[in-house]
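Chain letters run A, B, ... following the sequence lines, proteins first and then strands; every chain starts at 1. Everything quoted here is computed from the prediction, not taken from an experiment.
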Amino acid sequence: MSHDNDDDIRAALARIADTVRSEPPDIEHVMQASKQATTRDQQARPRAEVMHRADAYRRRRTTLRLGVAILGAFALIGGLMAIRTQQHTPDRAAVEGTTTSAGGVTTVTGQGGSPVSFPAADPHAKNILIVGANSNACVDPNSPWAGAAAAASDDLGTRADTIMVVRVDPTRPGLAVLSFPRDLWVQIPGRGKQRISSAYVKNDYSLLAQTLYNNFGVTVDHYVQIDFCAFTRIVNAIGGVAVPFTTPVRDRNVGLIIPSAGCHTFSGDEALAYVRSRHLAWIDDTGAAHEDRSADVGRISRQQDFLLRVLEKSLKTGLVDPPVTEALIRSLQTDIVTDQGFTLQEMMKLAGVLQGVGPLSVGEYQIEGKGITVGGNAVLAPQLDSPNMRAVLAIFTGAAPVPGDSDQTATTSTPASGAATQPPQPGALEGDIIPDPRTDC
Amino acid sequence: MDVSEISMPDVAAGAEHSFDAFYSERWLSMVRLATLTTGSTSLAEEIVQDAFVQLHRNWTRVHNPSAWLRTAVVNHGRSWVRRQVLERRHQLSGTDVAMPDEGVVVRAALDRLSSRQRAAIVLRFYEDLPEAEIAEVLGCRPGTVKSLLDRAKTTLRKELQQ
């Protein structure tokens, strides 16, 4: 075999390619899928950057709940995988490049060999950096293939919508969550001052971790990257999630139709349309439609209600039904990226803690910021000097223990904006379409 | 007809028509490309269909549909390959297409490469792209492509000679 030219390789590739036979499916399938994706996208488009302050707070609040709920599902799946691993004993063959595997979980180390340099954290408690990437409902036309496309049009690339650090102490039944508004104006190593969200690099958390340490003294032990695709796949994996409605409802904008009162089971895509719906209307006896009057508040309440039902269903079905277990494992493999050290054992510990506290009885905090304008951009300058903020940061830097169930109130954060101290509650406004959380389906 | 020279149609019906033609013309070669990078024809078909859906949504904005589609197929394929590697740990069957014996050897050799190396090799020696264009598809520097290719070739030849 000659090595002077590469015809041997050309011939080898052609040999395989020539054996492939495939007929294009009816083009109608493509047209149909394209149309559906476009409809979904129109709803998923991000709103104007400038937001009412309370509105912005509510959104952060929601993404935080979303993150905690998905983390719960994530930890649950980790537990399920342990069971599977014992049954199958997967082989330990090396996987390509910087990606390695622990029990089937995708793990990624920092690219370019840039080590993250900060001191080792408290040996017991762990900080888990969770990044929720908004990939525009999985169907963003230009961004899924990162690199070339993302660099050319950065506003269409996959964005970090949610940045939070969850602190878990396996020795205590407590969980604390610190979220970082994505408009926080911080010093990013090698880049000067920018929004914190621009420190996010897909599949590489080193820059973001270093930024968190430099600005807030918060270290990162583990990394979890999720996107909205994970949400839809998990819903599908558990066979859909049922929600009770007291009337028929619909949202023409997203093509959502629930034709009759009673329990409706959502599939993944439909569920995404439901939790993102901004124009949900209920249908009265005469067939007239009445739009949800409170717009975002109703929507957020529905999201929270829905996520709780997702968790509940995951716990109910995932543990006993092998095909569901399998599907959940698959969704973990495909949709969630973690760091190399986030082993099964670590996840098990986390799952144990979550079982102890329940997904919503956690200490929820956020970095406080002052709205400023820099070069025409509305951003948030971190305000870290208040006694409250110091107490919060003490938890996440290991200077103070993670608050357990009993002492949680002692350091509960009060957000800077007075208007937004109360999170929206289900049933807060009359006229909202909010399923009764006490009703089971 | 060189598909990369399809001009941008501004009449809706015309746009539908040329997409239609492009679809049937490029389907097989894209499935072959994705089969090379992923090792599975059924997976390749799925990836290619997804890519066409996304192309259709952007049809009037994409200036070079051929290159656009190739990039989509290769990069979609790469993320699929990562998943596949992991899924094989749970399923014994790796590929779902019956390869002739000589194909099995080549396939096995390709499987020894990283997904990036495999993509580079396939783009260079199956699609005959110059290194600069491969760099664009993979979103890396041309120098990186050169070293990816060098290392991949060494690995491939070692495997094929065994």
Heavy-atom closest contact (B/E45 atom, A/S22 atom, distance): OE2-OG, 2.6 Å
[atom1]-[atom2] distance between [X] and [Y], expressed to the nearest 0.5 angstrom:
X     : Y     : atom1 : atom2 : value
B/Q49 : A/H29 : CD    : NE2   : 7.0 Å
A/E23 : B/L28 : CD    : CG    : 8.0 Å
A/L13 : B/T37 : CG    : OG1   : 11.0 Å
A/S34 : B/R57 : OG    : CZ    : 6.0 Å

Is any side-chain heavy atom of [Y] closer than 4.5 Å to one of [X]?
X     : Y      : value
A/R15 : B/R107 : no
A/P25 : B/W27  : yes
A/I16 : B/L36  : yes
A/I27 : B/F52  : no

Audit row: B/R157, A/D6, salt bridge (Lys or Arg N to Asp or Glu O under 4.0 Å) steps and yes/no: CA-CA 10 Å; B/R157 291 208 167 97; A/D6 300 311; 3.1 Å; yes
Which atoms of B/L110 approach chain A - backbone, side chain, both or neither, heavy atom under 4.5 Å: side chain
Portion of A/Q32 that has a non-hydrogen atom of chain B nearer than 4.5 angstrom: neither
Chain A neighbours within residues 142-152 of chain B, where any heavy atom lies under 4.5 Å away: none
Salt bridge (Lys or Arg N to Asp or Glu O under 4.0 Å) assessment of A/R10 paired with B/D128: CA-CA 9 Å; A/R10 281 198 177 83; B/D128 280 325; 3.3 Å; yes
Neighbour count above 12 (heavy atom, 6.0 Å) for A/R191 CZ: yes
